[in-house]
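Proteins get letters first, then strands, A, B, ... in listed order; numbering begins at 1 in each.
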Number of protein chains: 2
Amino acid sequence: MSAETDTRSRILATAREMFHGRSYADVGIQEICEKSRVQKGSFYHFFPSKQDLALAVIDDMAKDWAHGFVAEAFDQNLPPLERLDYMIDAAYYWQKAAADIEGRMPGCLFGNLALEMSTRDEVMRAKLNAVFDRARDKFRFTLDEAVAAGALAAMDTDATATAMLAYLEGIILLAKTRNDPEVILILGPAIKTLRIELSH
Amino acid sequence: MSAETDTRSRILATAREMFHGRSYADVGIQEICEKSRVQKGSFYHFFPSKQDLALAVIDDMAKDWAHGFVAEAFDQNLPPLERLDYMIDAAYYWQKAAADIEGRMPGCLFGNLALEMSTRDEVMRAKLNAVFDRARDKFRFTLDEAVAAGALAAMDTDATATAMLAYLEGIILLAKTRNDPEVILILGPAIKTLRIELSH
DNA sequence: CCTTGACTTGACTGACCGGTCTAATACAAT
DNA sequence: ATTGTATTAGACCGGTCAGTCAAGTCAAGG
């Protein structure tokens, strides 16, 4: 029970790290097996295909994300607008830590996979889209609170939340291309300037 | 002369389309050769490696981009801030046209390749970074003009230009993940709300 | 003690990968 | 007509890909 779970989760952790640091196509099952010291057959006992593995990796990362990074950054004890700064900081330190260890900024696993796989795998696209939708909901909830508290003038919180998520992903994309986490720190705070008015 | 150029440019055009619509790793040289009706040997006569082909594709797209899309969108006869709206519209129609034909939004070739290749190929990363730098310059030039014309209060035009580029890439990323070009139209105009103040 | 079934092992498959090589061909200059 | 060069043709290379499979190991349950 513990051994079986261990094998599966070892595969999952390895795959997550490798997909994140490289790409889906560039990482082979054989390599994942070697690095997690598992045989091919064992791999296929737990995951019917490479696609299923990727789907599991996305779920796994989304779970950790929701319970760690996002839960802290969107801490409801903080004033709504400060949460955005916290989130930017969290993203920065995360990427910086990874860059310091690996030498390269891995960026956002979801963004990476989304651009690589959206045109090739509808199931994966839909799953990544759902992850983004949940992230947007976090932003929207924060914006709704800010508006209710009078910290922000009334706006289209749904559209603005989506805009903020897009901006965050864009910043990480650019930072990864520059291989420089500082970009997140420089551009991040401007996320609070984004605004989409209510249409009527 | 015309025939040789034709073979090379046929390879280039096919590769560009395929890399854009799928990904670098997913498209094989064999497939590119088949689709452009060229033999392997001819391919390697013109391009020493797949990496060189990708580099040439990036240059080719950047050239077309600078002369077409960007030149029109950043038309200096337009008031500076209107150029931003033009650019968003141009991005929308481009993606929509591709989505209508292919059924899927290809997104931005540069953004796609940047996320896929940045951690794997330093040469490609640097080239894509340079393309982004030039795009940022276009934004900065526009912002400088807007500030000079009094249409915008003084700001850190360099940082804001980078923020706008990040936002644009982020929008396209999200639109691609949703497979819905309309996202560009909804989120795009908010690019004008981005602002990074001068630090002092 | 025997069976069951989850798990592991590692050899194996056929397809495809990027890239090489030699020979044939087209064509321009002499 | 001949030679040199640019281009094309396509067989071929070793390696890797995702995935399969038959033969086990081993612990729990009857």
Between [atom2] on [N] and [atom1] on [X], what's the gap in Å once rounded to a whole number?
| X | N | atom1 | atom2 | value |
| --- | --- | --- | --- | --- |
| A:Phe46 | C:dT9 | CZ | P | 11 Å |
| A:Glu34 | D:dC17 | CD | P | 9 Å |
| A:Asp26 | C:dG18 | CG | P | 12 Å |
| A:Gln51 | D:dG19 | CD | C1' | 14 Å |
| B:Lys40 | D:dG10 | NZ | C1' | 10 Å |
| B:Ile32 | C:dG19 | CD1 | P | 11 Å |
| A:Ile29 | C:dG10 | CD1 | P | 18 Å |
| B:Tyr44 | D:dG10 | OH | C1' | 14 Å |

Tell me whether the OP1 or OP2 atom of [N] has a side-chain N or O from [X] closer than 4.0 Å.
| X | N | value |
| --- | --- | --- |
| B:His45 | D:dT7 | yes |
| B:Thr7 | D:dT8 | yes |
| B:Gln39 | D:dG10 | yes |
| B:Gln30 | C:dC17 | yes |

*Give a yes or no on whether a donor-acceptor pair under 3.5 Å exists between the nucleobase atoms of D:dG19, that is its base, and the side chain of A:Lys50.*
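No.
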*Is there a path from B:Trp65 to B:Tyr93 through hydrophobic residues (I, L, V, M, F, W, Y) whose side chains come within less than 4.5 Å of each other?*
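Yes, B:Trp65 connects to B:Tyr93 through the hydrophobic network.
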*Are A:Phe46 and A:Leu53 close enough, and set up right, to give a side chain to side chain contact (heavy atoms under 4.5 Å, CB included), and what steps lead you there?*
CA-CA 9 Å; A:Phe46 290 106; A:Leu53 170 66; over 6 Å; no
*For A:Pro106 and A:Gln95, which heavy atoms make the closest approach, and how far apart are they?*
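Taking every non-hydrogen atom into account, CD-OE1, 3.5 Å.
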*Just say parallel, tilted or perpendicular for the rings of A:Phe132 and A:Phe110, cut-offs at 30° and 60°.*
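Ring orientation of A:Phe132 relative to A:Phe110: perpendicular.
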*At under 4.0 Å between heavy atoms, what does B:Gly28 touch on the DNA or RNA strands: base, sugar-phosphate, or nothing?*
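Sugar-phosphate, backbone atoms only, no base.
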_Flag if over 12 foreign heavy atoms under 6.0 Å of NZ, A:Lys192_ =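 Result for NZ/A:Lys192: enclosed.
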*Closest nucleotide of DNA chain D for A:Ala25 versus for B:Gly41: which of these residues is on the 5' side?*
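By nearest-heavy-atom nucleotide position, the 5'-most residue is B:Gly41.
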